[in-house]
> 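A single structure is presented below for examination.
Every chain is numbered from 1 and lettered A, B, ... according to where its sequence line falls, protein lines coming before strand lines.
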Amino acid sequence: MLRYIIKRLIWLAFVLLGLCAITFTLSRIIPSDPAASYLGPRPRPEQVEKVRVQLGLDKPLYVQFAYYMRNLVHGDLGESLRTHRPVLQGIWEHLPASLDLMITAIFIALSVGIPLGVLSAKKENTTLDHLTRLFSVANVSVPSFWLAMIFQIVFFRWLGIFPIGGRIDTVVNLVSPIKQITGFYALDALITGNWAALKSTLSHLILPSITLAAYSTGLIARMTRSTMLEVLREDYITTARAYGISEREILFVQALRNALGPTLTTAGLCFAFMLTGTFFVELIFFWPGLGTYTVNAIFLNDYPVIMGITIIMAVFYVVVNLAVDILLAVANPRIRLG
Amino acid sequence: MVMEIQKTKHNWLNKGREYWRGMNLILKNPLTTFGLGIIIILVATALLAPHLAPYPEQGRGMSNLKERLVPPGFRHPFGTDNLGRDILSRIIIGARTSLKAAIAVVLIVIAIGVPLGLIAGYFGGKVDEIIMRFADMILAFPSLLLAIAIVASLGPNLLNALIAISIPWWPWYTRLVRSQVISLKEMQFVESARAIGASRLRIMFRHILPNCLSPVIVQATLDMGYIILSLASLGFLGLGTQPPAADWGVMVSDGREFFLKQWWISTFSGVAIFLTVLAFNLLGDGVREALDPKIRWRFQRK
Amino acid sequence: MAAVTVLSIRDLKTYFYTQEGVSRAVDGVSYHVIRGETLGVVGESGCGKSVTALSILRLIPSPPGKIVSGEIIFEGHNLMDLPLDKMREIRGNKISMIFQEPLTSLNPVFTIGSQLSKVFILHQNLTKKEAKKKAIEMLSACEMPSPERIMKEYPYQLSGGMRQRAMIAMALGCNSKVLIADEPTTALDVTIQAQILDLTLQLRKEFGMTMILITHNLGIVAKAADRVVVMYAGEKVEEADVFSLFEKPRHPYTIALMKSIPILGRSEKFLKEVKGVVPAPYLEISGCKFADRCPEAMRRCHREKPQLREVEKGHLVACFR
C-alpha cells in the first residue's frame, strides 16, 4: 500500500514537471511580447528592453524555465502582467467561490445520478430505462454555456424565481454583509446566523451549480447503471434473494455497495473536471471565481496568470485522481494495488 | 477444394450475418436509432448546405443591416442576428463548418496517434515505454483546459483550435492501436509474413495497420460528439472560428449580448450544438452497449 | 410413520427467451420430496436441475427467464400464486439454499458475521446481539475454528471450504424445513469435498431437514440420497429409490451415467462414454430427446415421445424399453 502511494507520488512529480515544461513552452510561443503587455499601451522601446531584462526574458529558454521552476518551488507563480499582483494570490482569492459552486454541483450530481443509475439498471430496457438514458446522455451532451443561458431566460426573465447571476444580492450584502470566515458564503452565513444572506446566496447558487452538475450527473448515472447491471448478475445477489432479503435492500445496500467504486472514481474525476466547467458557467452567471479569473486572463493575454492557473488546475486534477484511487483502496480491501 | 470453397462461403455468410445481427442489436434501441437519424440528417444538411440555406451569403457572413434582430417569423424561421443575418442559414452553413472541423481533428488525431501506437506496440521495450509515458502525461491534463491553454498561447483562430483539441486527444488512439497491435503481433499471418522476410515497415503498415483500423474508425465516429462540443466551447470563448464565418459556438456567444430580449440567436444555435452532440453520444452509447455490455462508459473528458 | 410429502413440483416449465429463440430449460418436470429424506437430482450440467431448484424459490432472473407453467406445492400453498412479500417469508425461512460457488455466493463487501446476522434478524425476530450469538453458534456447529474471528472476516479472507461452511451455517440457522443444496461440493478442492458433504449430511440429520441435493455426481447420490430423480435436457427421465436405481437402472441414459461414475471429485471423466451432445435447448424435438445418443434407440424413439411409466412401485422411467 505504502509502496503504491510512493510510486504514485514519484509519477506525480514527473507528471508535474512535464506539465510545467509543456505549459512553460506554450507560454513562450505566445506571439505578443510579454514585456510590452507588462507596460500597458504604447511603451517606449528602451522601457521594453529594461523590462525584458527585469523579467529575465533576455535569457535562453531553459534558463528562464529553471528560474520559473525555482520560483514555483517557493510558491511563486509570478505576477499578473496587468494588475502586477502575484498570481497565486489571485488564485487563492478566487478559489473559494469556485469551490462553493463545485462542491454544491458534485453533491447534486451524486444525489441525482446514483439513484437514477440504480433504477435504470433495475428496470433494464424498459421505458424508464430509456428515459433515464436519454436524460443522462442529454446531460453529457448539453453545452453548459448554452444551458446556463436557457436557465437565465426561463428562471430569471420568464419566471423571475432566481437571480441572473452573482454570488449574493448587492442590497442584501449591504444591509447584512457576510462575515468572511471560510470564504464559502453559504457556510459563513450559516455559522454567523445571517439568514437573509444565507437565503440570498443559496438562491444565487442554484442555477449555476445545476448547470455545472449537468455533465457529471449524466456520467455518474451511466456509470452507476453499467456497474449495477454487472453486480445484479452476481451470485451473491441471488443468494440475498434466496434468503428473503427485500428488493430495496438488495438494490441500495447489497448491490450498490459493490457498484460504488467505479461511480466514486467517476465522481472524483468529474469534480476535477468541473474546474474547466467553471470557465463557462462562471462567465455567464457573473460568478467571481477562478473561471472568471481565467477567462479574463485569456481575453487580456495575461500569460503568467494563464500558466499559473493551468498548473494549479492540472495539479488539482492529478491530486484528486490519486486521492480517489487511494481512498478506494482503503475502502475496499480486495483491491490490490501494484 | 470444393470443401474449401464451401468453407469460405460459409464464413462470408457468417460474417454477413454477424454484421446484420450487430446492426439489429444496435438499432433495437430506439434512442440509438434516433441518434443515427439525426446524424444522417446532419450530414445531408452539411453536404447540401448552400442549396438548403435560404440566404447562403448571409450564412457565410454577409450582413443585412436593414433587418437587424428580427424575431422568428415567416421570412426568417429562426429570426436574424444583430447584423441582420438569417439565423437558420447560419446554422445550416455552420453545420458544414462544424463537421469539417471535427473531421479535421479526427484526421490529425489519427495521424499522430495511430503511428505512435503502431510503433509502441510493434517495437515494445524502451520505445513503448517512452511513448506510453508521454501519452499518460498528456492524459493527466484535463483536456479542455490544455486545449484552452494551447490556443491562448498560439493565438485564437480555427487552425490553432483544431491543433489544440487534437493534442490532448491523440493518446487515446495510441492506447487503442497499441493494444490491438500487441494482440495482432503474435497472429499467424504476421508470423508468416515475417518468415517470408517482409521488412518491419511492410509488416507494420501492410499487415498490421489494416487490421486495427476498424476499431479506430468506430472510436473516431464515437468521438465526434465530444470534438464538436469542444470546438463549440472554444468558439464560445472566442478561441475558435473567427467571424464572420458561421460557427455555432460563436453564434451562441454573439447572442449573449441580446439574449434576454432577443433570445432566438443563442437559443437556436445552442439547440444545433446540443442535438448534434446528443446524436453522436446516443449512437456511441448504443454501440458501446451492443459491442460489450461490460465495457465501461469511457470517460469523456471535458 | 406415514410418508408426508413436504414439497412437490408439478409439471414445471421454465423457459428462457433469448436471441437464439426460446430455450426450454425445464420442460414439464414433476417431483416431490418426502419429509426427512434426501432427494438426489442428477444430470449433466445444463439439464435443468439447477433451474428447477431456482424455480422453486422463484429466483429465475426475468427477463430473460420465465416460469411458464406448473405448480410448486409447499405446506398446502402453490408458491407460484404467492405474492412476493409472502414468498420472501418462505425464502431462507422455510426453504433455504446452498449454492455451487462459495467464491461468489457471499457478498464480498460485508463480513461473514453481518451477512449471517442479517438473515437471522430478518426471519427470527432476533435482536442484533442474539443474532450474532446465533451466528457464532451456527459457525461452530459447522466446525469452523474460532468462529468469533470468522465473524469479522470478509469472504475473500476465507478458503472455499470455509466459505461453503459459512453458507451452510446460514442455511441451517434459519431452521428451514427444506434445504436445497445445488452442487454444494463441485467447486471445492477434492480433499475438501468429502468433508463438506459429510458435514452437510450430518447436520441435515441433526436439524431434521428435508434435502434436495442437486449434483452431476452419481457417487454423491449413492452416498447421500434416499431417492433419485434423473434429469436429461429439461425433463425427468427416471425416478426411483436409490437401491433399485443402482441395482436396476432402466433408462439408457441412467445406465450410461452409471458406467461413467466418477471417483468422488474427479468429475472430468464424466460421460465420456456417451457419444454426442445434449440437443440445443431451443430445438423442438418430437421424439425422445436422448434418442440421438442412445445406443438402443429404435425408430419409434425418434418419432414419439416416451411417457413416464411405473415399472415397479416407485420406479418411473420414460423409455419404451
> Testing the basics here: between C:Leu59 and A:Ala242, what is the closest heavy-atom pair and its distance to 0.1 Å?
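Where C:Leu59 meets A:Ala242 most closely, the heavy atoms are CD1-CB, 3.5 Å.
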> Heavy-atom cut-off 4.5 Å, strictly under: side chain, backbone, both or neither for C:Met87 against chain A?
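The answer is neither part of C:Met87.
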> Relative to chain A, which segment of C:Ile90 carries a heavy atom at a distance below 4.5 Å: side chain, backbone, both, or neither?
neither
> Answer yes or no: are there more than 12 heavy-atom neighbours, outside C:Lys132 itself, under 6.0 Å from its atom NZ?
no
> Heavy atoms only, distances under 4.5 angstrom: which of C:Asn93, C:Asn107, C:Thr104 has the most pairs with chain A? Name it, please.
C:Asn107
> How about A:Tyr243 and C:Arg91: do any of their side-chain heavy atoms sit closer than 4.5 Å?
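A:Tyr243 vs C:Arg91: side chains apart.
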> Check this for me: A:Phe107, atom CZ, are more than 12 non-hydrogen atoms of other residues, nucleotides or ligands nearer than 6.0 Å?
no
> Looking only at non-hydrogen atoms, find the nearest pair between A:Gly244 and C:Leu122 and report the distance.
O-CD2, 3.2 Å
> Who passes salt bridge (Lys or Arg N to Asp or Glu O under 4.0 Å) against A:Asp129, sequence neighbours left out?
A:Arg225
> Would you call C:Leu106 and A:Thr239 a side-chain contact if the rule is heavy atoms closer than 4.5 Å?
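Not in contact.
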> With side chains defined as the heavy atoms from C-beta onward, is the minimum distance between A:Val253 and C:Phe110 less than 4.5 Å?
yes
> Identify each donor-acceptor pair in which a side-chain atom of residues 245-252 of chain A lies under 3.5 Å from a protein atom, sequence neighbours left out, and give them as a table.
| residue | atom | partner | partner atom | Å |
| --- | --- | --- | --- | --- |
| A:Ser246 | OG | A:Glu249 | N | 3.3 |
| A:Glu247 | OE1 | A:Arg241 | NE | 3.1 |
| A:Glu247 | OE2 | A:Lys122 | NZ | 3.0 |
| A:Glu247 | OE2 | A:Arg241 | NE | 3.2 |
| A:Glu247 | OE2 | A:Arg241 | NH2 | 2.8 |
| A:Glu249 | OE2 | C:Lys118 | NZ | 2.6 |

